[in-house]
Amino acid sequence: MEQAKLIITASNVRPGQPVHRKLPVDPKTLIHKQLLEGPFWQRIPAYSRVSEKQFFDHRWQARNSITRLSKLLAVLQAMVPQRFYDDVAMGFRHSPMSLRISPYLLSLIDWTAPQRDPLRRQFIPLGSQLRPDHPELTLDSLAEQADSPVPGLTHRYRDKALFLALDTCPVYCRFCTRSYAVGIDTDKVEKMSLKAREERWKAIFRYIGERPEVEDIVISGGDTYQLKPRQITLIGETLLDLDNVRRIRFATKGPAVMPQKLLSDTEWLDALTSVVELGRRRHKEVVVHTHFNHPNEITDITRQAMNVFFERGITVRSQSVLQRGVNDNIATMQLLVKRLGYCNVQPYYVYMHDLVKGVEDLRTTLQTGLDIERHVRGITAGFNTPTFVVDMLGGGGKRAVHSHDHYDCETGISVYSAPSVKSGYFLYFDPIDRLTPSVQARWQRARDRKRMIDDALDAANVRRATTARASAVRAEGNAALDSAASSKTTPG
Ligand SMILES: *Cc1c(COP(=O)(O)O)cnc(C)c1O
Ligand code: SF4
C-alpha cells in the first residue's frame with residue numbers, strides 16, 4: 001500500500017504539489033531528538049527523594065559525587081550484587097585513575113546490566129574485564145612531556161599549543177590520556193603535579209608571548225570546569241592580550257558529565273561569556289571544546305544547557321574517543337553525531353583510543369575506525385561530521401585515520417608520517433586480543449615484535465618510494481604537456 005504512493009503518473013501530479021520521490025521518514029524513528037526527561041535519577045535508591053531543584057544544582061552534584069567504593073555501595077545499595085562491588089574493587093587496584101563520578105552520570109547507567117553499560121565502562125573498571133597492556137605502551141604515550149618547554153605546556157605543532165591549567169576534573173575517566181598528571185595518586189601511578197597556580201601559569205604566558213608563530217591555545221587540564229570564575233577571566237584576558245594569540249579553546253568534559261553547572265553556576269558562565277565577548281571585540285575566537293562519547297550522555301538537561309551556550313553565542317565542539325563496548329558500532333556513532341548536532345554541538349573529532357595503561361578492554365582496531373567513519377560521513381552536514389583521527393605514539397600528532405602509509409590488520413600495526421609536525425614514521429597498534437592467536441603469540445616474543453614493526457616500517461618505505469616515483473612521473477608528464485602547450489602559444 002505505502003509503496004503505491006511513490007508511483008508518480010501524469011494524472012496524479014498536480015501543479016504546486018510537491019512530488020515525494022522518497023517516502024517521508026516516520027518521526028518516531030528520529031530517535032536523536034528523543035532525549036531523556038523527567039526525574040530519571042529517582043530510580044537510584046539514594047536519590048529516590050532528590051527533587052529536581054536539588055538535582056539541577058551543580059553544588060549538589062559536586063558535593064554528592066562518588067569518590068569511594070563505600071559511597072558507591074551506599075548509593076546503589078541492593079541494585080547490584082556484592083560480586084559487582086568486588087569486581088570494581090579489583091578493577092581499581094589496577095587502574096591509573098581514581099574514582100570520581102557525578103550523580104548525573106550514575107543515574108544514566110543501566111544498573112540492571114552494568115557489565116555492558118557504555119557509561120559504566122568509561123568510569124568504573126571491572127577487574128574481570130581488564131586485559132594485559134600492549135607491550136609497546138608507556139605512561140605518557142603521546143610524549144606530551146617531551147614537547148613541553150614549561151611544565152604544563154605542550155608545544156608540538158607550530159601554530160598551536162596545549163596549556164594544562166590544572167589537574168582536576170569533575171569526574172575521572174578510566175581512559176584519561178593524561179593519567180600521568182590528572183587526578184589523585186593511585187596504587188599504580190604517582191602523579192606529576194599541575195595545580196591551578198597563577199605562579200606556574202606566568203611562565204606559560206611568558207613562553208606563549210615569546211612565540212610569534214603560536215596563534216591558537218587549547219586550555220585544558222584537567223578540566224576548565226574546575227577553574228574559578230576569576231581564573232577563567234585571568235587566563236582568558238591574559239591570553240587575549242597577547243597580540244599573537246588569535247584563537248582560544250576552553251576544554252571541558254563538564255557538559256557531558258554535569259550539565260547542571262551551566263544552568264546554575266551563573267558566575268562561572270558569566271566569566272566565560274565575558275572572555276568570549278572580549279575575544280569577539282578583538283576579532284579573536286573563543287570557543288568551548290567538550291567530550292561526549294555516547295548518545296546516552298545527552299539528555300534534555302544537556303539540551304537546556306547547550307541552549308544557554310547557544311543563546312550567549314558560544315560555539316561548542318565535541319571530541320569523542322572510539323571505545324570498544326561504548327561507541328564502536330555504526331548505529332551508536334551515527335546517533336551520537338546526530339544528537340550532538342541537534343543540541344548545537346559540532347562533532348569535531350573521533351579519536352582512536354590512545355595507548356593508555358589499564359584500558360586495553362576499551363581500545364579497538366583501526367579497521368573498526370575506518371569502517372565506522374565510512375558510515376558516518378554522509379548522514380548530516382559536513383561541518384557536523386567528525387574527522388576520525390589517531391594521535392601518534394611518540395608525539396607525531398593527530399593524523400586522519402585513512403592517511404596511513406601502511407596498515408596490516410593481521411599484526412595490527414599502522415604506520416603514519418607527519419611531515420609538518422616531525423620527521424620520521426609514527427606507529428599505532430591495534431589491541432592484541434583482537435588479533436589471531438598465532439599473531440598474539442608473536443607479540444609476546446621481543447624478537448618477533450621487533451621483526452613485525454621493522455616489516456611494517458619497510459612496507460611504509462616501499463609505499464612511499466612508489467608514491468614518490470608516481471608523482472615524479474606525473475610531474476614530468478605535466479611538464480611535458482606544459483611545454484607542448486607553451487610552444488604552441490608562445491609567439492615567435
Ligand atoms: C590536539 C592537540 C592540539 C590541538 O590540535 P587540533 O587538531 O587543532 O585540535 C594542540 N596541541 C597538542 C599537543 C594536541 O595534542
Ligand atoms: S575529563 Fe578529560 S582530563 Fe579529566 S579524566 Fe576525563 S579524559 Fe582525563
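Note that ligands are numbered from 1 as they come in the structure, with each ligand's atoms numbered from 1 the same way. As a basis for the values below, the full set of heavy atoms in this structure was taken, side chains included, without hydrogen atoms, waters or symmetry mates.
Shown in contact with C169 at under 4.0 Å from a heavy atom are these atoms of ligand 2, numbered in order with element: 1 (S), 3 (S), 4 (Fe), 5 (S). Atoms of ligand 2 found under 4.0 Å from any heavy atom of G222, numbered from 1 in the order shown, are 3 (S). Those atoms of ligand 2 that come under 4.0 Å of a heavy atom in C173, given as number and element, are 1 (S), 5 (S), 6 (Fe), 7 (S). Against a heavy-atom cut-off of under 4.0 Å, Y349 is close to the following atoms of ligand 1: 6 (P), 7 (O), 9 (O). The contact set between ligand 2 and M97, taken as ligand atoms under 4.0 Å from a residue heavy atom, comprises 5 (S). Close contacts between ligand 2 and C176 involve ligand atoms 3 (S), 5 (S), 7 (S), 8 (Fe) [criterion: under 4.0 Å to a heavy atom].
Assignment of H155 to the shell around ligand 1 is not supported, since no heavy atom sits closer than 4.0 Å.
A centroid separation of 6.0 Å or more is found between the aromatic rings of W41 and Y47. Y348 and H289 have their aromatic ring centers within a separation under 6.0 angstrom. Taking the centre of each ring, H155 and Y207 come in below the 6.0 Å mark.
In terms of N/O distances under 3.5 Å, ligand 1 is approached by Y348. Below 3.5 Å of separation, one finds an N or O of R249 facing an N or O of ligand 1. Backbone and side-chain nitrogen or oxygen atoms of Y157 are examined, and none is located within less than 3.5 angstrom of a nitrogen or oxygen of ligand 1. Residue K160 places at least one N or O, backbone or side chain, under 3.5 Å from an N or O of ligand 1.
Under the 4.0 Å distance rule, the nearest protein heavy atom to atom 2 (Fe) of ligand 2 falls outside the cut-off.
Cation-pi contact between K398 and Y351: absent, since separation from the ring centre below 6.0 Å together with deviation from the ring axis within 45° is not met.
If you check which protein heavy atom lies closest to atom 13 (C) of ligand 1, you get T154 CG2, 3.7 Å.
Side-chain N or O atoms of E136 include none that pairs as donor or acceptor with a backbone N or O of F429 at under 3.5 Å. Side-chain N or O atoms of T252 include none that pairs as donor or acceptor with a backbone N or O of D223 at under 3.5 Å.
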For this session: Take I301 and F56 through the test side chain to side chain contact (heavy atoms under 4.5 Å, CB included) and record every step on the way to the result.
Result: CA-CA 8 Å; I301 307 177; F56 273 57; 3.6 Å; yes
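Closest approach of Q115 and R120 over heavy atoms only: O-NH2, 2.6 Å.
The side chain of K398, and not its backbone, has at least one atom closer than 4.0 Å to an atom of ligand 1 (non-hydrogen atoms only; side chain from C-beta on).
Residue-environment remark: CZ (R282) exceeds the threshold of 12 foreign heavy atoms within 6.0 Å.
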